[in-house]
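One structure below.
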Amino acid sequence: MTTELLFRDDAYLRTASARVVAVHERGIELDRTIFYPQGGGQVGDSGALVRANGERIGIADTRKGDSPDSVIHVPSTAMAAPDIDETLTLEIDWTRRHALMRLHTALHVMSCVVVAPVSGGNIAPDKARLDFDIDMNLLNAERIEQGTNELLARGTATETVWITDEELDARPELVKTMSVQPPRGAGRVRLLKIPGIDLQPCGGTHVANIGEIGAIRVVRIRNEGKKNKRVEIALG
């Protein structure tokens, strides 16, 4: 069972309608969704599903289902389940989502300032981080913050680019992350392109222009192991 991923084409959709296709102990599945499921280091969206009678089903989290592109909407509390084939109005917590979009895109930019293999990452609404396989002595918070903010100040528009699995295989330098590999098997891979700055596979949600991010702050840098030097940022 697959879900049409509306956020993939338009990360700015705040509402949409969808039909219930399954209800089970893990949550609610719909035929289409604007909710991003946790993945690639980015936490899942929250919000609400609204029934025709006005009843609101709070969604605390969104996770991937068992099949490719299936999405499970996890209710925040126990309540009457919607009916199969019932049409619901979807509402995401936009303030939270936009913060995630800004921080996620900021990490892309920062990965071009700290030039090293990425060994891990996480994006939450209040902060985000990347782990690098790099000598700790090469990381300087002031330089990273300044370099990232200089790039953000360009106000460059982002682009979504699709390439085939074969094209990605021929360009292994596009994959910066050691911990998360791009999904293969569907025949094509989605890339985020920031012209003149970055190009790499990513299925997350991003801002249309890096100028929306504003400035970032490097909150801290710490050693998390031999191949994990963590740089944590927050929005300025």
Query raised in the report: Does any pair with a residue in residues 210-236 pass ring pair (Phe, Tyr, Trp, His ring centres under 6.0 Å), and if so which ones, sequence neighbours excluded?
Result: none

Report summary line: In short, ring pair (Phe, Tyr, Trp, His ring centres under 6.0 Å) pairs touching residues 118-147 with sequence neighbours left out are none

Report summary line: Closest non-hydrogen contact found for Ala60 with Ser46 is O-CB, 3.8 Å

**Report entry** salt_bridge(Glu224, Arg222) N-O dist < 4.0 Å
**Finding:** yes

Query - Pairs satisfying ring pair (Phe, Tyr, Trp, His ring centres under 6.0 Å), at least one member in residues 195-222, at least two apart - result: His104-His206, His108-His206

Query raised in the report: What residues, two or more places apart in sequence or in another chain, satisfy side chain to side chain contact (heavy atoms under 4.5 Å, CB included) together with Glu86?
Result: Val20, Arg51, Pro82, Asp83, Leu88

Query raised in the report: Looking only at atom types and distance, does a side-chain atom of Arg32 sit under 3.5 Å from a main-chain N or O of Ser17, one as donor and one as acceptor?
Result: yes

Query - Phe7: hydrophobic cluster co-members (side-chain, 4.5 Å) - result: Leu5, Tyr36, Val71

Query raised in the report: With distance as the sole criterion, is a donor-acceptor pair present between the side chains of Asn228 and Ser119 under 3.5 Å?
Result: yes

Query raised in the report: Regarding Gln146 and Glu142, is there a side-chain donor-to-acceptor distance under 3.5 Å anywhere?
Result: no

Query raised in the report: Can you check whether Arg143's main-chain N or O pairs, donor with acceptor, with Asn140's side chain at less than 3.5 Å?
Result: yes

Requested in this report: Enumerate the residue pairs fulfilling ring pair (Phe, Tyr, Trp, His ring centres under 6.0 Å) with a member in residues 44-89, sequence neighbours excluded, ordered by first and then second residue.
Outcome: Phe35-His73

Requested in this report: Compare every heavy atom of Ala16 with every heavy atom of Ile34, then report the nearest pair and how far apart it is.
Outcome: CG2-CB, 3.8 Å

Query raised in the report: When you look at CZ of Arg171, are more than 12 heavy atoms from neighbouring residues, nucleotides or ligands closer to it than 6.0 Å?
Result: no

Query raised in the report: Is a donor on one side and an acceptor on the other found under 3.5 Å between the side chain of Glu167 and the backbone of Thr164?
Result: yes

**Report entry** Donor-acceptor contact below 3.5 Å, side chain Thr158 vs main chain Ile194
**Finding:** no

**Report entry** Check: Arg220 side chain, Glu232 main-chain N or O, donor-acceptor pair, under 3.5 Å
**Finding:** no

Query raised in the report: Donor-acceptor pair, Thr15 side chain versus Glu91 backbone, under 3.5 Å?
Result: no

Query - Donor-acceptor pair, side chain of Arg102 and main chain of Ile213, under 3.5 angstrom - result: yes

Report task. Check whether the side chains of Thr205 and Gln42 place a donor and an acceptor atom closer than 3.5 Å, and report yes or no. Result -> yes

